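The sequence lines fix the lettering, A, B, ..., with proteins before strands; numbering per chain opens at 1. All of these numbers come straight from a predicted model, not from anything done at the bench.
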Protein chains: 2
Amino acid sequence: MDHCSTCVVRNRAICAALGTDEVSLLGKMGRHHKLVAGQTLIWEGEDSLLVANVIDGILKLSTSMSDGREQIVGVVYPSDFIGRPFGSQTQYNVTALTDAHVCTFSSSDFDRFAREHPDLEHKLLERTLAELDRTRRWLLLLGRMTASEKIANFLIDMSERLIRPDCSFNGPANAFDLPFGRQQIADILGLTIETVSRRLNDFKAQGLIAVPSRRRIEILDRDGLETVAENASQ
Amino acid sequence: MDHCSTCVVRNRAICAALGTDEVSLLGKMGRHHKLVAGQTLIWEGEDSLLVANVIDGILKLSTSMSDGREQIVGVVYPSDFIGRPFGSQTQYNVTALTDAHVCTFSSSDFDRFAREHPDLEHKLLERTLAELDRTRRWLLLLGRMTASEKIANFLIDMSERLIRPDCSFNGPANAFDLPFGRQQIADILGLTIETVSRRLNDFKAQGLIAVPSRRRIEILDRDGLETVAENASQ
DNA sequence: CAGCTTTATTGATCAGCATCAAAGAATAGA
DNA sequence: TCTATTCTTTGATGCTGATCAATAAAGCTG
């Protein structure tokens with residue numbers, strides 16, 4: 001059966017690089033998967049057997065140390081691509097943060113197909129370059145920013161990314177639900193859960209944000225938040 | 001004139017994806033540049049006008065905050081590719097750490113040429129994926145490791161990468177010259193120069209390394225260093 | 001090789017964030 | 001609805017790494 005013709009991310013995922021015939025060819029190699037929140041699709045260090053497109057839901061990419069310290073190294077949304085093509089290992093865990101739907105392919109099938117379809121590889125290249133840019137900016141955040149700066153930048157970043165569901169981008173959202181708990185925010189920012197909680201409350205006290213429920217954030221003073229994000233001292 | 005036929009990185013740079021005719025075609029679009037140590041080739045945020053291959057020398061990619069805090073987000077070696085194809089801006093500075101030779105192309109020329117040569121794009125994709133993996137591992141280092149762990153990992157990483165000049169990889173080197181001063185090490189690891197200096201001396205006192213001159217490192221006890229790298233407490 | 005500049009080391013102190021601990025909400029399940 | 005569990009907040013304390021400051025060593029230049 002051909003899921004692709006009804007796929008909601010058909011025109012946003014890398015599949016958009018393909019014509020109708022080619023999509024159905026790729027579609028024959030793909031398999032739908034349902035993931036429940038918390039379920040891990042790919043384990044760090046395991047032989048890289050599959051890659052996937054995210055159809056629905058949000059997933060995290062994470063690595064951890066032997067004593068349990070964890071760092072989230074990426075977050076993927078509907079239409080994003082998951083996995084490590086042309087490589088023998090995936091170096092991070094891929095875990096669903098919400099219930100999710102993904103369309104998986106065997107790595108070897110996908111690699112072969114991609115090599116035969118330059119437009120697909122090109123789309124993949126553009127995505128990978130953009131992700132590299134994003135990841136490099138995160139290095140500055142992790143290496144050089146204070147806790148307040150990290151959290152302010154995180155909130156601004158989220159306000160710009162979390163409007164995806166309806167796809168139409170009309171400026172950053174000032175109210176949104178985070179797909180993360182406090183511990184996950186800490187794992188993204190290289191902080192502890194306590195520090196995240198405290199700084200978030202500081203922002204609330206300063207009137208920069210409101211936190212009507214655990215995961216909901218309302219930005220009340222975006223300029224103020226941006227000032228903190230640039231330089232906590234000013 | 002055709003530099004490519006005598007280019008020392010001809011078979012290691014992305015150009016290796018091309019046949020003789022195509023290389024000379026690309027070569028006609030390229031220009032040689034000499035850079036002196038400290039010279040900046042591309043500025044953060046500037047319109048992305050050029051990309052390049054590194055022929056000789058070592059360069060850093062860095063971003064900084066308005067108050068001067070800096071984070072090095074990448075280091076490139078001979079045969080590596082520099083710049084942001086298919087994008088309007090380069091998000092980081094590219095600065096020579098040593099005197100260097102690069103082969104530059106106008107972004108638009110390169111983009112056009114690449115789109116016409118899938119094998120070249122494929123090489124670029126493989127490099128970009130590998131660089132993304134490396135950068136993501138660095139997130140764990142910056143976000144979750146202690147100063148000692150950071151420095152131990154850094155030294156091990158350097159011992160594995162700095163043997164490039166002669167190209168033949170026969171295991172990690174136990175003695176090498178860093179292409180960085182202490183401040184640059186600090187900017188790579190998200191530390192201060194003082195902390196780098198102190199931890200390096202600790203390692204010396206523990207007999208893990210020797211530092212015969214400022215930039216020279218000799219690993220005396222690799223296992224010990226690896227133990228520190230994994231988990232400072234053990 | 002003298003004098004200057006840059007870079008690195010060493011020491012003292014401080015602050016930010018982590019850690020440890022406990023109480024308080026929210027959520028889920030019976 | 002009540003209870004058990006999980007997640008979050010809040011408080012007290014301590015440590016790691018930053019900051020400030022001064023000295024020392026290494027490179028440069030003439």
Problem - Non-neighbouring partners of Thr95(A) that pass side-chain contact (heavy atoms from CB on, under 4.5 Å), sequence neighbours left out - result: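 Once residues adjacent in sequence are excluded, the partners of Thr95(A) under the side-chain contact (heavy atoms from CB on, under 4.5 Å) criterion are Thr40(A), Lys60(A), Asn93(A).
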Problem - Counterpart residues, side-chain contact (heavy atoms from CB on, under 4.5 Å), relative to Asn11(A) (two or more places apart) - result: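 For Asn11(A) there are no side-chain contact (heavy atoms from CB on, under 4.5 Å) partners, ignoring immediate neighbours.
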Problem - Sugar-phosphate only, base, or nothing, as touched by Gln183(B) at under 4.0 Å among non-hydrogen atoms - result: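 Answer is sugar-phosphate: Gln183(B) comes under 4.0 Å of backbone atoms only.
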Handout entry: ring-ring contact (aromatic ring centres under 6.0 Å, His included) against Phe81(B), all qualifying residues, sequence neighbours excluded
Key =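 So Phe81(B) forms a ring-ring contact (aromatic ring centres under 6.0 Å, His included) with Phe110(B).
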Practice task
Only counting residues at least two apart or in another chain, list the ones meeting ring-ring contact (aromatic ring centres under 6.0 Å, His included) with His33(A).
Solution key: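 His33(A) satisfies ring-ring contact (aromatic ring centres under 6.0 Å, His included) with no residue once adjacent residues are dropped.
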Exercise for the section: Have a look at the helix from dC1(C)-dG30(D) to dA30(C)-dT1(D) and give the angle its two end axes make, five pairs each, rounded to 10 degrees. Expected result: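 Comparing the axis at each end, I get an angle of 60°.
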Exercise for the section: Decide side chain to side chain contact (heavy atoms under 4.5 Å, CB included) for Leu225(A) and Ile219(A); before the verdict, give the C-alpha distance in whole Å, the side-chain angles of both, and the deciding distance to 0.1 Å. Expected result: CA-CA 8 Å; Leu225(A) 202 58; Ile219(A) 297 180; 4.0 Å; yes
Just the rounded figure in Å: distance from [atom2] of [N] to [atom1] of [X].
X         : N       : atom1 : atom2 : value
Arg216(A) : dT8(D)  : CZ    : C1'   : 19 Å
Leu191(B) : dG16(C) : CG    : C1'   : 15 Å
Arg215(A) : dT8(D)  : CZ    : C1'   : 12 Å
Asp187(B) : dT7(C)  : CG    : C1'   : 14 Å
Ile193(B) : dA24(D) : CD1   : C1'   : 14 Å
Arg69(A)  : dC17(C) : CZ    : P     : 18 Å
Gln184(A) : dC7(D)  : CD    : P     : 9 Å
Phe180(B) : dT7(C)  : CZ    : C1'   : 17 Å

Can you list the residues that meet the side-chain hydrogen bond (donor to acceptor under 3.5 Å, both in side chains) rule with [X], with sequence neighbours excluded?
X         : value
Thr135(B) : none
Asn174(B) : Arg222(B)
Asp133(B) : Arg84(A)

Please determine if a side-chain N or O atom of [X] lies less than 4.0 Å away from the OP1 or OP2 oxygen of [N].
X         : N       : result
Arg199(B) : dG17(D) : yes
Thr195(B) : dA18(D) : yes
Thr192(A) : dC17(C) : no

Problem - Presence of donor-acceptor pair under 3.5 Å, side chain of Glu194(B) and base of dC20(D) - result: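 Present.
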Please write out each protein N/O paired with an N/O of nucleotides 25-30 of chain C under 3.5 Å, distance rounded to 0.1 Å.
{"residue": "dA25(C)", "atom": "N3", "partner": "Arg214(A)", "partner atom": "NH2", "Å": "3.4"}

Between side-chain atoms of residues 98-105 of chain B and protein atoms elsewhere (two or more places apart, or another chain), which donor-acceptor pairs fall under 3.5 Å?
{"residue": "Thr98(B)", "atom": "OG1", "partner": "Ile58(B)", "partner atom": "N", "Å": "3.0"}
{"residue": "Asp99(B)", "atom": "OD1", "partner": "Ala37(B)", "partner atom": "N", "Å": "2.8"}
{"residue": "Thr104(B)", "atom": "OG1", "partner": "Arg31(B)", "partner atom": "O", "Å": "3.3"}

Practice task
Taking only the side-chain heavy atoms of Arg182(A) (C-beta and beyond), determine which of dC17(C), dG17(D), dT9(D) contains the nearest atom.
Solution key: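 From the listed options, dT9(D) comes nearest.
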Practice task
Go through dC17(C), dG17(D), dT10(C) for me and flag the one nearest to the Asn201(B) side chain.
Solution key: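 Closest nucleotide to the Asn201(B) side chain: dT10(C).
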Only pairs under 3.5 Å count here: list side-chain donor-acceptor contacts from residues 178-189 of chain B, not counting sequence neighbours, and write none if there are none.
{"residue": "Arg182(B)", "atom": "NH1", "partner": "Arg214(B)", "partner atom": "O", "Å": "3.1"}
{"residue": "Arg182(B)", "atom": "NH2", "partner": "Arg214(B)", "partner atom": "O", "Å": "3.1"}
{"residue": "Gln183(B)", "atom": "NE2", "partner": "Asp187(B)", "partner atom": "OD1", "Å": "3.2"}
{"residue": "Gln184(B)", "atom": "OE1", "partner": "Gly181(B)", "partner atom": "N", "Å": "3.1"}
{"residue": "Asp187(B)", "atom": "OD1", "partner": "Arg144(A)", "partner atom": "NH2", "Å": "2.8"}

Problem - Charged N-O contact under 4.0 Å between Glu149(A) and Arg199(A) - result: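 Not counted as a salt bridge, because no side-chain N and carboxylate O are separated by less than 4.0 Å.
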Problem - Arg137(A) with Asp157(A): basic N within carboxylate O range, under 4.0 Å - result: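 So Arg137(A) does not pair with Asp157(A) through a salt bridge.
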Protein-nucleotides 12-14 of chain D N/O pairs closer than 3.5 Å?
{"residue": "dA12(D)", "atom": "N6", "partner": "Arg198(A)", "partner atom": "NH2", "Å": "3.4"}

